[in-house]
2 protein chains.
Amino acid sequence: MSDPTPKQRPTRQRSALVEALANCQDFISAQDLHARMTEDGTRIGLTTVYRALRDLEAADTVDVAQAGAGERLYRWRPAGRHRHYLICRACGSSRPVDSEVVEEWAGRIAADSGFAAVEHTVELTGVCIGCQPTTGEGKLPSCPWSPDWETPRHRAPGCGS
Amino acid sequence: MSDPTPKQRPTRQRSALVEALANCQDFISAQDLHARMTEDGTRIGLTTVYRALRDLEAADTVDVAQAGAGERLYRWRPAGRHRHYLICRACGSSRPVDSEVVEEWAGRIAADSGFAAVEHTVELTGVCIGCQPTTGEGKLPSCPWSPDWETPRHRAPGCGS
DNA sequence: ATAGGTGCAAAAGATTTGCAACTGG
DNA sequence: CCAGTTGCAAATCTTTTGCACCTAT
């Protein structure tokens, strides 16, 4: 009937972006991804990053999360089906969670309500073990992990640099 | 220990805002709420609306939803517990849904993962019956439902005016 | 009296768009 | 060749902030 994925030409920028995003095992914002790619030597415009991400989103090959107000984070989706994640509010790391239950629940709601084309957004956030201050004794620093994640949000170890 | 709801002084603007929001049975953006209040004769600054909504959010008396990129919608929360909604993408009307299942699921994830202070965001969107084009025959008008949810994409009859 | 609230104008950010030049199939 | 891409600058849009002036308690 229609083209879920109209075109998408494998240009130099587009390919590099997909690779950078796939290498990144976490959510990352368009701006950060652009910065990272630029750092790594890829010449690409911020506008292009936005447009490419938008297309990938339309093609359902990335998962999207909202960061605070008006900032969207993208994460490459290896497998076919969409996933939901548990994101650490302190260090930004994310891990996929089993969401069968929610999927079914959403399906039931859809059926019972009579609504069509029901879509859902589910986001879990918390403070991961590594970022939890040990209540009584000496509290560890912020994030006892890879030395390069210092951004409260986006900024993952496996990501690029 | 701390004050979840530090202050909140019942000023003219604040009170009017709460009333307007409570009267509105649907999600509404800060800008729209401001516009509506202004239309209705309440003199209030947009800044104040933003600040009041932020405080209400902190006080957990409103539910928040994300609209597209970087626009937040607020909905007055009558009962105590938070709720999740099914929102029509065509007309914007929203109806709370039973989310026990999801609450439990979220709790389990929290426990199993070891993450602390786990919070969740769940949003369901679809096309309500009234907005569904009747495939073959004559298509009904926009949205013929229960008299209390009729907001056409933020702009409800029941809301204020 | 005074801590908190208000509002205007300006600032901040993130994302989108106009447009002319470019490129992969 | 030609539809799709790119990138820069400018434009949009929503939300936040600086600051001086009000106002409940």
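Numbers restart at 1 for each chain; the letters A, B, ... are given by sequence-line order, proteins then strands. Computed from a predicted model, the values in this text were never measured in an experiment.
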Do A:Val102 and B:Val101 have side chains that get closer than 4.5 Å, going by heavy atoms?
no
Would you check if the distance from the ring center of A:Tyr85 to the ring center of A:Phe27 is below 6.0 Å?
yes
Which angle, to the nearest 10 degrees, lies between the helix axes at the two ends of the helix from C:dA1-D:dT25 to C:dG25-D:dC1, each defined by five pairs?
40°
Using whole Å, report how far CG of B:Leu53 lies from C1' of C:dG5.
15 Å
Round to the nearest Å and state the distance from B:Asp55 atom CG to D:dT15 atom P.
15 Å
Side-chain donor/acceptor of B:Ser15 to backbone N/O of B:Thr11, under 3.5 Å:
yes
Would you mind reading off the distance between B:His34 atom NE2 and C:dT6 atom C1', rounded to a whole angstrom?
12 Å
Angle class for the B:His84/B:His120 ring planes (parallel below 30°, perpendicular above 60°, tilted otherwise)?
tilted
If the threshold is 4.0 Å, N to carboxylate O, is there a salt bridge linking A:Asp63 and A:Arg77?
yes
Nucleic acid contacts - residues 11-18 of chain A versus DNA chain C, non-hydrogen atoms under 4.0 Å:
none
For a quick check, with a 4.0 angstrom heavy-atom cut-off, what is the B/S/- contact string for nucleotides 11-18 of chain C, read 5' to 3'?
---SBBB-
Is a side-chain N or O of B:Gln66 found less than 3.5 angstrom from the main chain of B:Leu73, in a donor-acceptor match?
no
Side chains of B:Arg75 and B:Ser94: any donor to acceptor distance under 3.5 Å?
yes
Going hydrophobic residue to hydrophobic residue with side-chain gaps under 4.5 angstrom, can you get from B:Val64 over to B:Leu46?
no
Side-chain heavy atoms under 4.5 angstrom apart, residues restricted to Ile, Leu, Val, Met, Phe, Trp, Tyr: same cluster for A:Ile44 and A:Tyr50?
no
Counting C-beta onward and ignoring hydrogens, is there a side-chain heavy-atom pair between A:Arg72 and A:Glu57 closer than 4.5 Å?
yes
Donor-acceptor pair, B:Thr38 side chain versus B:His34 backbone, under 3.5 Å?
yes
Please report, rounded to the nearest Å, how far the P atom of D:dT5 is from the CG atom of A:Leu56.
11 Å
In whole angstroms, the gap separating P of C:dT23 from CZ of A:Arg9 amounts to 12 Å
